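This is a predicted model, so every value here is computed, not measured.
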2 protein chains.
Amino acid sequence: MSLPRAKLIKNFPGCPVEATLTYLDGKWKGVILFHLMQGTLRFNELRRKLPAVTQRMLTKQLRELEESGLVSRTVYPVVPPRVEYAMTPLGMTLKPVIQALAAWGDDYVFCSPEGRELRLASDGLRAPAAALEA
Amino acid sequence: MSLPRAKLIKNFPGCPVEATLTYLDGKWKGVILFHLMQGTLRFNELRRKLPAVTQRMLTKQLRELEESGLVSRTVYPVVPPRVEYAMTPLGMTLKPVIQALAAWGDDYVFCSPEGRELRLASDGLRAPAAALEA
DNA sequence: GTACGTAGTACCCAAAAGGATACTGTAAAA
DNA sequence: TTTTACAGTATCCTTTTGGGTACTACGTAC
């Protein structure tokens with residue numbers, strides 16, 4: 001039988017947006033994907049890149065990404081253990097999405113230790129990120 | 001004093017991605033933004049577009065979007081009440097992000113009543129969304 | 001013989017998110 | 001006279017998420 005996907009999406013308008021967000025959800029998935037985009041990493045390498053996340057949490061998020069099929073986990077049967085995490089081809093298709101998210105964050109979110117703030121470039125004294133690089 | 005934003009981001013690599021996700025987080029924000037992108041809506045108009053969400057949840061998500069400055073809420077002092085929700089200029093800057101999310105969802109997420117599934121176009125019998133439209 | 005690095009699990013707890021249900025007040029329509 | 005639409009609140013409850021701490025096994029370096 002054929003898959004009436006288009007019909008389903010018309011019954012749940014906005015579903016594709018929500019659907020994508022479902023896979024990026026979880027406190028650390030965004031950052032993990034961001035880092036893995038730039039290359040394979042071992043468990044503890046990732047851990048060092050995310051000092052704030054606990055071992056338990058990192059494992060959990062990675063398992064979820066693995067289950068979605070966005071990230072692959074390769075175990076080398078050596079001792080001490082060696083486990084490598086990498087983006088799958090499917091995961092790589094997220095690149096434009098991650099880039100869009102990063103670009104918006106760069107331009108409109110002001111990140112400080114006290115919290116986050118959101119504003120239009122024209123609102124404050126601040127120039128957009130592009131201008132800062134110059 | 002100048003704002004050392006670039007430095008902060010370098011200390012929290014991946015932060016811009018996470019930062020953006022923070023504002024899209026919440027079970028219904030994606031869909032709400034998706035709909036408001038296409039024009040102003042009254043409370044109950046939105047409600048009808050999202051049959052699955054309760055009144056309490058819709059209110060909560062809208063208040064959060066309002067507090068972020070992404071959505072505006074205009075109350076007309078008439079009876080019965082009339083309240084309109086619209087994207088702010090800041091909210092409108094999210095358009096490319098929402099589009100990227102929607103595009104990816106369209107191409108790689110298969111949405112069915114039983115749940116969601118993720119796959120590469122080449123993996124299954126299914127063609128990418130673009131092909132279906134033809 | 002003690003400590004370190006590797007990649008995790010197991011167990012417990014607190015906080016946040018989400019959801020069901022019932023209620024409000026006014027005006028117009030049936 | 002009862003019902004409907006509007007835009008919510010209030011209260012309570014369940015589920016999910018996130019975090020802290022301790023523990024494992026193995027081999028190597030000190």
Side-chain angles (χ1 to χ4, degrees), chain A residues 12 14-15 17-19 21-33 35-36 39-68 71-86 115-116, chain B residues 12 14-15 17-19 21-33 35-36 39-68 70-86 113 115-116:
Chain A
F12 301 115
C15 173
V17 178
E18 260 307 311
L21 285 175
T22 302
Y23 294 98
L24 302 181
D25 222 27
K27 200 162 177 185
W28 307 102
K29 296 223 180 84
V31 203
I32 293 173
L33 291 173
H35 285 296
L36 288 183
T40 297
L41 288 171
R42 295 180 58 173
F43 185 79
N44 273 5
E45 285 175 332
L46 252 172
R47 209 143 91 86
R48 280 187 283 270
K49 302 227 176 215
L50 295 134
V53 66
T54 63
Q55 211 164 11
R56 178 182 159 326
M57 264 302 123
L58 184 54
T59 306
K60 243 182 102 186
Q61 304 285 301
L62 283 169
R63 290 294 137 90
E64 286 174 25
L65 288 170
E66 193 195 353
E67 217 203 313
S68 312
V71 161
S72 71
R73 175 169 176 272
T74 314
V75 182
Y76 297 89
V78 297
V79 56
R82 172 185 189 86
V83 179
E84 283 185 354
Y85 291 93
R116 300 183 207 278
Chain B
F12 302 115
C15 173
V17 178
E18 261 307 311
L21 285 175
T22 302
Y23 294 98
L24 302 180
D25 220 28
K27 199 162 176 186
W28 307 103
K29 295 223 182 83
V31 203
I32 293 173
L33 291 173
H35 285 296
L36 288 184
T40 298
L41 287 171
R42 295 180 57 173
F43 184 80
N44 274 4
E45 286 175 330
L46 253 172
R47 209 144 89 88
R48 279 186 285 270
K49 302 227 178 217
L50 296 137
V53 65
T54 63
Q55 213 164 9
R56 178 183 162 320
M57 263 304 125
L58 185 53
T59 305
K60 242 182 101 185
Q61 304 286 300
L62 284 168
R63 290 295 138 88
E64 287 174 25
L65 289 170
E66 193 196 351
E67 217 203 312
S68 311
L70 298 171
V71 161
S72 70
R73 175 169 175 271
T74 314
V75 183
Y76 296 89
V78 297
V79 56
R82 172 185 190 87
V83 177
E84 283 185 355
Y85 291 92
R116 303 180 205 278

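If you measure from atom CG of Leu62(A) to atom C1' of dA7(C), you get 11 Å, rounded to the nearest angstrom. Going from atom CG of Leu41(A) over to atom C1' of dT6(C) covers 15 Å, rounded to whole Å. Regarding Asn44(B), its CG atom lies at a distance of 9 Å from the P atom of dG8(D), rounded to whole Å. Here the C1' atom of nucleotide dC4(C) and the CZ atom of Arg48(A) are 13 Å apart, to the nearest Å. Between the CD atom of Gln55(A) and the C1' atom of dC11(C) there is a distance of 15 Å, given to the nearest Å. Between Leu46(A) atom CG and dG8(C) atom C1' the separation is 14 Å, expressed in whole Å. Rounded to whole angstrom, the span from the CZ atom of Arg47(B) across to the C1' atom of dT9(D) amounts to 13 Å. Between the CZ atom of Arg73(A) and the C1' atom of dA7(C) there is a distance of 8 Å, rounded to whole Å.
At a threshold of 4.0 angstrom between heavy atoms, the contacts of Tyr76(B) with the nucleic acid are absent.
In terms of phosphate contacts, Arg63(A) brings a side-chain nitrogen or oxygen within less than 4.0 Å of OP1 or OP2 of dT9(C). Between Arg82(A) and dG27(D) there is no side-chain polar atom (N or O) within less than 4.0 angstrom of OP1 or OP2.
In this structure Arg73(A) satisfies the side-chain hydrogen bond (donor to acceptor under 3.5 Å, both in side chains) test together with Tyr85(A), sequence neighbours excluded. The side-chain hydrogen bond (donor to acceptor under 3.5 Å, both in side chains) search around Arg56(B) returns none, not counting sequence neighbours. Residues passing the side chain to side chain contact (heavy atoms under 4.5 Å, CB included) test with Lys29(A), sequence neighbours excluded: Gln61(A), Glu64(A), Leu65(A). Take Lys60(B) and apply the side-chain hydrogen bond (donor to acceptor under 3.5 Å, both in side chains) test, not counting sequence neighbours, and it matches no residue. Every residue meeting the side-chain hydrogen bond (donor to acceptor under 3.5 Å, both in side chains) condition with Asn44(B), not counting sequence neighbours, appears here in chain and number order: Arg47(B).
You'll find that the side chain of Thr59(A) is closest to dG8(C), out of dG8(C), dC6(D), dA7(C). Listed candidates were dG8(C), dC6(D), dA7(D). Nearest to the side chain of Pro80(B) is dC6(D).
Side-chain contact between Leu58(A) and Ile32(A) is present, with at least one heavy-atom pair separated by less than 4.5 Å. The shortest distance between side-chain heavy atoms of Tyr23(A) and Leu21(A) does not fall below 4.5 Å.
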Check your understanding: In the 5'-to-3' direction, what one-character label does each nucleotide of nucleotides 10-20 of chain D receive under the scheme B = base within less than 4.0 Å of a protein heavy atom, S = sugar-phosphate only, - = no such atom?
Key -> BB------BBB
